[in-house]
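First comes the structure, then the notes that go with it.
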Amino acid sequence: MSFLAPERLFLLAVPAVVAGAYIWAQHRRATYAVRFTNLELLDRVAPEAPGWRRHLPAAALLAALISLAVATARPAASVEVPQEEATVVLAIDVSLSMDADDVEPNRLEAAKAAAASFLEQVPEEMNVGLVSFSGAVTVLVPPTTDHTAVEASIGRLQLGPGTAIGEAIFSSLDLIAETEASSSDPASSDSDTNGDRQQPAATILVLSDGETTAGRPDAMASAAAGERGIPISTVAFGTDQGEVSLPDGIVPVPVNEGALAQVAGDTGGEFFDADSSDDLRSVFEGIGSEIGREVEERELTDWFAAAGLLFAGLAAAGSIVWFSRLP
């Protein structure tokens, strides 16, 4: 918990002083009682002592003062909330190497299942786009909150020759730029006195076995993403034992984890290594719960003020019921 006005915490000195005064008063009362040496007469003339109950109203009053003092300092808690304008673009590799069956039933089908799981985890308000890439890039779904349309397009992915990871990243960056431009409405957006506006969160998620064979290199695309401040997270499919059957025979297609890890590292994203469908599903569930969320300070002043009033009411009620007076 943090405080938006921590300088006001000095008011906690008030309940501290009251607590000290109460302890002093109790000590003084005990001293006077000891001075009355005729204990038999004291038992007859003194009212029945309330015992431990006499401290409850004072304790409740102190709790009320503490709660109200803390409330003046405007306490706040950090909570995760969905970013309504967050955007994530899924870039899925559909090159022929994704037909390798080292991940059951094969890399591409495992990716489809995991991507569907990802869509179940992300907030409904998030914009999700989809591009597929082999030697060329195809924009299948521009960023949208219609996750059903994205899922349907994922199910229709088909294999093709070549792998162009760099081009897929550039296309994803273009989609994000278009989405940000279309959502920039100065009349309805939060802005400061200079007209500056914080751009919505955006990220790219690349699913590939990591071997670029066509188009611009990965490093060039990573640099462009870094300049825009857009992280790229990557998921490596498959194992070093992967192979596919082509007209020329059986071709080894080991996963290139280093290339994908480099893209993620250069852009501030995360790299995930998943060599089974179960691992991929776990990766996507974790990513889906994190992307598009931000930490926000939620003020708790009302709660502490309400607690203060509640404790004050309990103090008054206890004092009236047991002692027929207000504390």
Original post:
For Thr179 and Asn127, does a side-chain donor sit closer than 3.5 Å to a side-chain acceptor?
Top reply: no
Original post:
Just wondering, more than 12 heavy atoms not from Glu7 lying within 6.0 Å of its CD?
Top reply: yes
Original post:
With the 4.5 Å side-chain cut-off for hydrophobic clustering, are Ile92 and Val253 part of the same group?
Top reply: yes
Original post:
Does Glu299 have any salt bridge (charged side-chain N to carboxylate O under 4.0 Å, His left out) partners at least two apart in sequence or in another chain, and if so, which?
Top reply: Arg74
Subject >> Spacing of Met98 atom CE and Ser208 atom OG [to the nearest 0.5 Å] >> reply: 6.5 Å
Subject >> Evaluation steps, side chain to side chain contact (heavy atoms under 4.5 Å, CB included), between Met220 and Phe170 >> reply: CA-CA 9 Å; Met220 185 181 296; Phe170 277 113; 3.8 Å; yes
Subject >> Inter-residue atom distance Ile204.CD1 - Leu90.CG, 0.5 Å rounding >> reply: 10.5 Å
Original post:
After noting the C-alpha distance and the side-chain angles of Asn256 and Glu211, does the key distance pass the side-chain hydrogen bond (donor to acceptor under 3.5 Å, both in side chains) rule?
Top reply: CA-CA 6 Å; Asn256 190 338; Glu211 191 68 45; 2.9 Å; yes
Original post:
Is the closest side-chain heavy-atom distance between Ile154 and Leu119 below 4.5 Å?
Top reply: yes
**OP:** For residues Gly308 and Ala64, report the shortest heavy-atom separation together with the two atoms involved.
**Re:** O-CB, 3.2 Å
Original post:
Within the side chain of Thr234, is there an N or O that forms a donor-acceptor pair under 3.5 Å with the backbone of Leu260?
Top reply: yes
Original post:
Mind checking who shares a hydrophobic cluster with Leu300, ILVMFWY linked at side-chain heavy-atom distances under 4.5 Å?
Top reply: Met1, Phe3, Leu9, Leu12, Ile66, Val70, Trp303, Phe304
Subject >> Any donor-acceptor pair under 3.5 Å from Ser117 side chain to Ala113 backbone >> reply: no
Subject >> Nonpolar side-chain network containing Ile250, other nodes, edges under 4.5 Å >> reply: none
Original post:
Less than 4.5 Å apart, any side-chain heavy atom of Leu246 and any of Leu96?
Top reply: yes
Original post:
Can you check whether Ala69's main-chain N or O pairs, donor with acceptor, with Thr72's side chain at less than 3.5 Å?
Top reply: yes
Subject >> Ala221 to Gly166 - nearest heavy-atom pair and separation >> reply: CB-O, 3.5 Å
Original post:
Under a 4.5 Å cut-off applied to non-hydrogen side-chain atoms, are Val263 and Ile169 in contact?
Top reply: yes
**OP:** Mark yes or no for whether Thr267, through its side chain, and Ile232, through its backbone, hold a donor-acceptor pair below 3.5 Å.
**Re:** yes
**OP:** Taking all heavy atoms of Gly135 and all of Ala214, pick out the closest pair and write down the distance.
**Re:** O-CB, 4.0 Å
Subject >> Approximate separation, where rounding is to 0.5 Å, of Phe118 CZ and Leu207 CG >> reply: 9.0 Å
Original post:
Can you name the nearest heavy-atom pair linking Pro15 to Leu62, along with the distance?
Top reply: O-CD2, 3.4 Å
Original post:
Looking only at heavy atoms, what is the nearest atom pair of Val141 and Ala149, with distance?
Top reply: CG2-O, 4.1 Å
Original post:
Going through the checks in order, is the side chain to side chain contact (heavy atoms under 4.5 Å, CB included) test met by Thr144 and Val128?
Top reply: CA-CA 5 Å; Thr144 177; Val128 180; 5.9 Å; no
Original post:
Shared ILVMFWY cluster between Leu61 and Leu309, side chains joined below 4.5 angstrom?
Top reply: no
Subject >> Sequence neighbours excluded - side-chain hydrogen bond (donor to acceptor under 3.5 Å, both in side chains) pairs with any residue from residues 221-231 >> reply: none
Subject >> Ser233 side, atom OG; Leu205 side, atom CG - distance, nearest 0.5 Å >> reply: 6.0 Å
Original post:
Are Val255 and Val103 connected in the hydrophobic side-chain network, where two residues link if heavy atoms are under 4.5 Å apart?
Top reply: no
Original post:
Roughly how far, to the nearest 0.5 Å, is the CG atom of Asp209 from the OG1 atom of Thr239?
Top reply: 10.5 Å
**OP:** Just jot down the salt bridge (charged side-chain N to carboxylate O under 4.0 Å, His left out) partners of Glu109, sequence neighbours excluded, or say none.
**Re:** Lys112
Original post:
Rounded to the nearest 0.5 Å, how far apart are CD of Glu178 and CG of Leu173?
Top reply: 11.0 Å
Subject >> Thr145, Leu130, Leu140 screened by side-chain contact (heavy atoms from CB on, under 4.5 Å) with Val150, the one that passes >> reply: Leu130
Subject >> side chain to side chain contact (heavy atoms under 4.5 Å, CB included) evaluation trace for Val94 with Phe133 >> reply: CA-CA 6 Å; Val94 292; Phe133 64 94; 5.8 Å; no
Original post:
Can you list every pair that meets salt bridge (Lys or Arg N to Asp or Glu O under 4.0 Å) and has a residue in residues 153-168, with sequence neighbours left out?
Top reply: Glu167-Arg216
Original post:
Looking at Pro231 and Ala202, what are the two nearest heavy atoms and their distance?
Top reply: CD-O, 3.5 Å
Subject >> hydrophobic_cluster_shared for Val122 and Leu175, side chain cutoff 4.5 Å >> reply: no
Original post:
Are Val88 and Val137 in one and the same hydrophobic cluster, where Ile, Leu, Val, Met, Phe, Trp and Tyr link if side-chain heavy atoms are under 4.5 Å apart?
Top reply: no
Original post:
Does Arg107 pair with Asp99 as a salt bridge, N-O distance under 4.0 Å?
Top reply: no
